[in-house]
*Asks:* 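Sharing a structure, written as structure tokens. Questions coming.
Bear in mind that the values here come from a model prediction, so they are computed numbers and not experimental data. As the structure lists them, so they are numbered: ligands from 1, and atoms in each ligand from 1.
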Amino acid sequence: MPIDIPPPRPNASTPLDNLVGMVLAGGRSQRMGTDKAQLPHPSGTTFLGHAIEVLARVCQRVVVAGRAADAAGRSDDRVIWLVEPPPPQGPIAGLAATMQWAARCPTAEAVLAIPVDMPGLQAEHLETLLHAYQRSPGELISVSFDGAFAEPLLAIYPLRFADTLIARLHAGDRSLSRWLQQQTPTLVRLDADALPNINTPDQFHAWRSQAEFESTPTSTSTPEHAMTSPPLPTPSPESSSPESPDAAITHLAAALQTLDSAAVPISEASGRVLRQAIVADRDSPAADVSAMDGYAIRMADLQSSQPLLVSGESRPGHPPPQPREGAVLRVFTGGIVPAGFEAVIRREDTEEDEHSVRMLAAAKTAAAGLNIRRQGENSRRGSEVLPAGTLLNTAAVAAAANFGVTDPLVTRPVRVSVIVTGDELRSVDQAVEPWQLRDSNGYSLAAMFSGQPWIEHLATHDCRDTLTDLTERLRQAVAASDAVVLTGGVSMGDYDHVPAAVTACGGEILFHRLPLRPGKPILGAASGDGKLILGLPGNPVSATVCGRRFLMPLLGRLAGRSEQVCPRVTLVDPPAKQLPLWWMQLVHIDERGQARLVPSKGSGDLVALAASDGFIETPPAEQQAETPATGPWPFWSWQTV
Ligand SMILES: Nc1nc2c(c(=O)[nH]1)N[C@H]1C(S)=C(S)[C@@H](COP(=O)(O)OP(=O)(O)OC[C@H]3O[C@@H](n4cnc5c(N)ncnc54)[C@H](O)[C@@H]3O)O[C@H]1N2
Ligand code: MOO
Ligand SMILES: [Mg+2]
């Protein structure tokens, strides 16, 4: 389809001051394996440099919403760098930050967003958007490649939408795409073939061989952003096949609706996900206090060989007495050390009488400040103690109580239903014929949820291998739950009905089959209203490993939980071979904290599963270049979630 190029804008060569251009450059480029912003562009610059040049032709001000690495060391009068603090929250966060920045520019009315990974984009394409905006100023304008789907990364966002977007982001809904579709923006149709989106090395190479690499540069100057080109990514079958586990989780999480929150008494908040940051209501400690039972003293009095007068005592729960010149104060741990006193000497380093005390040799070497906890040294009033998204564990509850949080705002428990599929399944207490099998997946998932107050396990249903039964069962479960996890029936067999049932229930499949072992057939989907539907492979090791690796983080996202950092362990006995996929291997952690592989016969080996403490995850062989075979590798424990 030809590109719909409108009549030229009057003075099209003059950059506008009512639109702030924004390059979205914050993505993690996981499928590319290298930062997309830094890929070489035929014009002699980089993808990011090209995007800036194109935007600078139509907008007087250009913002790059991106990563610290891209912004480092860069100075360009035209470009504002808005660096997103980790963890990445997706384009909606970059847009919200840019809108907030633009709101401070007196002439700005809207933000014109473009992605960094659309290297075919030219100013002419943006003119079509500008043309539509000039016809309906103040309205949302978006490119569409198919005439129906609004492309959120190539769109004009009037600033009047800023509050709604920011509120949505704060509520934990990060799907910019879903929000935009709901607004029914004016669509401007462009040709997808001319504007490919480059996500993988294969796409990059295909595009580059088509594009005229020696074509006219977009800029005649030598821009600041004409960075040295990094080595080109090499195409490989694995890197172009779906995604890494993290990328799959992020992709699916963007389609999920974060749950509502409610205030609960602090005594019941343990194990729940905090949704509003906890802020210190006063300095901690609230005053200078003693860390020991002993005597508050001035440095000038320390060397005295004479007994010193004890003028009073300071103990927690009581205001301190007025200090007296030349005298010490008896203090108890936690009692206030009044201004003027410079150290606290432990009572065991003194010789005490009822009204006086003499410093022993051990006391005389005391430095100023000894045994005094200074006011505000833990945190200052008003500073953030716990961010939203924290799982309130024992330690967090202690801090919340200390800062007077009576009823923290937490997410309501995520309601999860489990459906185990298979004609062969019997429950643990039933007799089993050789062609039958006891359900273990239902129990392993239930065990994963138990002891997690942020999760409410509604029920485990079993379901026979027919499409009608499964569709009906799934429909009911989705209606009753925030998340439905199925096991079995996701692979290639005639009785594997999960993909069809998910589609029949209106679920959108966001990935099916990932380069993993075990768990390759895994299926991730979302319902139209942002509920999670996850199809785990039936083999028991696959279901349990993928439950830990995919399901728990995805439930966390529904609960508004922040991303967790996975601890890493060193592998004592790395395997001789490597695989071209993400490999999750069962390990036992020894007393020195090192991992040892648990020998396993494969994804049906429940005995090996039982002998493991968790699993390590190694990336496809070609992505391991920098890491020795011993790791350290991310470790997923059965204990912590
Ligand atoms: N032609 C192909 N066949 C298979 C492929 C493939 O790529 N091509 N992938 C294999 C992989 S990998 C896995 S994993 C399994 C996944 O199978 P499904 O998700 O379709 O699961 P089922 O076929 O229903 O069952 C597989 C296996 O697991 C046992 N099972 C099922 N549910 C439970 C349960 N609740 N508790 C214990 N065990 C369970 C079931 O009896 C089967 O033995 O597909 C491979 N095939
Ligand atoms: O990869 Mo499947 O999930 O193990 O047998
Ligand atoms: Mg199967």
*Asks:* Do the side chains of R415 and D482 get close enough for a salt bridge, i.e. N-O under 4.0 angstrom?
*Replies:*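 Yes, this pair counts.
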*Asks:* Quick one: does ligand 1 sit under 4.0 Å from the side chain of D465, the backbone, both or neither, non-hydrogen atoms only?
*Replies:*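 It is neither; nothing of D465 touches ligand 1.
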*Asks:* Hey, can you tell me if F204 and F47 have their rings parallel, tilted or perpendicular (30° and 60° cut-offs)?
*Replies:*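 The rings of F204 and F47 sit tilted, inter-plane angle from 30° to 60°.
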*Asks:* Scan side-chain atoms only and decide if N197 and N199 contain a donor-acceptor pair under the 3.5 Å cut-off.
*Replies:*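 Checked: N197/N199 side chains pair up, N/O donor to acceptor below 3.5 Å.
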*Asks:* So which heavy atom in the protein is nearest atom 35 (N) of ligand 1, and how far is it from that ligand atom?
*Replies:*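 For atom 35 (N) of ligand 1, the nearest protein heavy atom comes out as D439 OD1, 2.9 Å.
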*Asks:* Checking a contact table here: which protein heavy atom is nearest atom 15 (C) of ligand 1, and how many Å away?
*Replies:*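 Minimum-distance protein heavy atom for atom 15 (C) of ligand 1 reads N539 ND2, 3.7 Å.
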*Asks:* On a heavy-atom basis, which atom in A248 and which in L514 lie closest, and how many Å separate them?
*Replies:*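 The pair with the smallest heavy-atom distance is CB-CD1, 3.7 Å.
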*Asks:* Would you say the side chains of D246 and S244 form a donor-acceptor pair under 3.5 Å?
*Replies:*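 No, S244 and D246 have no side-chain donor paired with an acceptor closer than 3.5 Å.
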*Asks:* Could you see which bit of S440 sits under 4.0 Å from ligand 1, with heavy atoms only: side chain, backbone, both or neither?
*Replies:*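 Near ligand 1, S440 shows its backbone as well as its side chain.
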*Asks:* How far is atom 5 (O) of ligand 2 from its nearest protein heavy atom, and which residue and atom name does that atom have?
*Replies:*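 It is S603 OG, 2.6 Å.
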*Asks:* Do any N/O atoms on V490 end up under 3.5 angstrom from N/O atoms on ligand 1?
*Replies:*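 Between V490 and ligand 1, an N or O pair is found under 3.5 Å apart.
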*Asks:* Salt bridge check: are D469 and R464 linked by an N-O gap of less than 4.0 Å?
*Replies:*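 No.
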*Asks:* Less than 3.5 Å between some nitrogen or oxygen of G538 and one of ligand 1, yes or no?
*Replies:*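 Yes; the residue has a nitrogen or oxygen that sits under 3.5 Å from a nitrogen or oxygen of the ligand.
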*Asks:* Starting from atom 21 (O) of ligand 1, find the nearest protein heavy-atom neighbour and note its residue, name and distance.
*Replies:*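 For atom 21 (O) of ligand 1, the nearest protein heavy atom is G489 N, 3.2 Å.
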*Asks:* Determine whether any heavy atom of G493 lies closer than 4.0 Å to an atom of ligand 1.
*Replies:*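 No, G493 has no heavy atoms under 4.0 Å from ligand 1.
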*Asks:* Would you say D496 has any N or O atom under 3.5 Å from an N or O of ligand 1, going by distance alone?
*Replies:*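 The answer is yes, given that D496 and ligand 1 share an N or O pair closer than 3.5 Å.
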*Asks:* At less than 4.0 angstrom from any non-hydrogen atom of P518, what atoms of ligand 2 do you find?
*Replies:*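 Result: 1 (O), 3 (O), 4 (O).
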*Asks:* Out of all atoms in ligand 2, which are within 4.0 Å of some heavy atom of N539? Include the element for each.
*Replies:*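 Contacts of ligand 2 toward N539, numbered from 1: 5 (O).
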*Asks:* Looking only at heavy atoms of S542, does any of them come nearer than 4.0 Å to an atom of ligand 1?
*Replies:*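 S542: in contact with ligand 1 (<4.0 Å).
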*Asks:* Quick test of your reading of the model: are R557 and E563 salt-bridged, counting only N-O distances below 4.0 Å?
*Replies:*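 Looking at E563 together with R557, the answer is yes, because their closest N to O distance falls below 4.0 Å.
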*Asks:* Could R596 and D573 be called an ion pair, given the rule that one side-chain N must be under 4.0 Å from one carboxylate O?
*Replies:*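 So R596 does not pair with D573 through a salt bridge.
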*Asks:* Please name the pair of heavy atoms, one in L558 and one in G530, separated by the smallest distance, quoted to 0.1 Å.
*Replies:*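 Between these two residues, the closest heavy atoms are CD2-O, 3.9 Å.
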*Asks:* For atom 17 (O) of ligand 1, which candidate among S491, G488, G442, G422 provides the closest heavy atom?
*Replies:*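 Among S491, G488, G442, G422, the closest heavy atom to atom 17 (O) of ligand 1 belongs to S491.
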*Asks:* Does the T390 side chain pair with the main chain of L392, one donor and one acceptor, at a distance under 3.5 Å?
*Replies:*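 Flag not set: sc T390 to bb L392 has no pair under 3.5 Å.
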*Asks:* Please report which non-hydrogen protein atom sits nearest to atom 12 (S) of ligand 1, along with the residue it belongs to and the distance in Å to one decimal place.
*Replies:*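 Answer, as residue, atom name and distance: P521 CD, 3.8 Å.
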*Asks:* Nearest protein heavy-atom contact for atom 3 (O) of ligand 2: which residue, which atom, what distance?
*Replies:*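 For this ligand atom, the closest protein heavy atom is G519 N, 2.4 Å.
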*Asks:* Suppose we measure from atom 2 (Mo) of ligand 2 to each protein heavy atom; which comes out shortest, and what is that distance?
*Replies:*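 The protein heavy atom lying closest is S542 OG, 3.5 Å.
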*Asks:* S612 and W638: side-chain donor and acceptor closer than 3.5 Å?
*Replies:*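 Yes, side-chain donor-acceptor contact under 3.5 Å.
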*Asks:* Less than 4.0 angstrom from a charged side-chain N to a carboxylate O is my criterion; do R189 and D146 meet it?
*Replies:*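 Salt bridge absent between R189 and D146.
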*Asks:* Side chain or backbone, does S603 bring an N or O within less than 3.5 Å of an N or O on ligand 1?
*Replies:*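 By distance alone, the answer is no.
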*Asks:* As an exercise, identify every atom of ligand 2 less than 4.0 angstrom from a heavy atom of K520.
*Replies:*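 Atoms satisfying the 4.0 Å criterion: 1 (O), 3 (O).
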*Asks:* Could a heavy atom of P540 be found less than 4.0 Å from some atom of ligand 1?
*Replies:*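 Checking ligand 1 against P540, which is what was asked, there is a heavy-atom contact under 4.0 Å.
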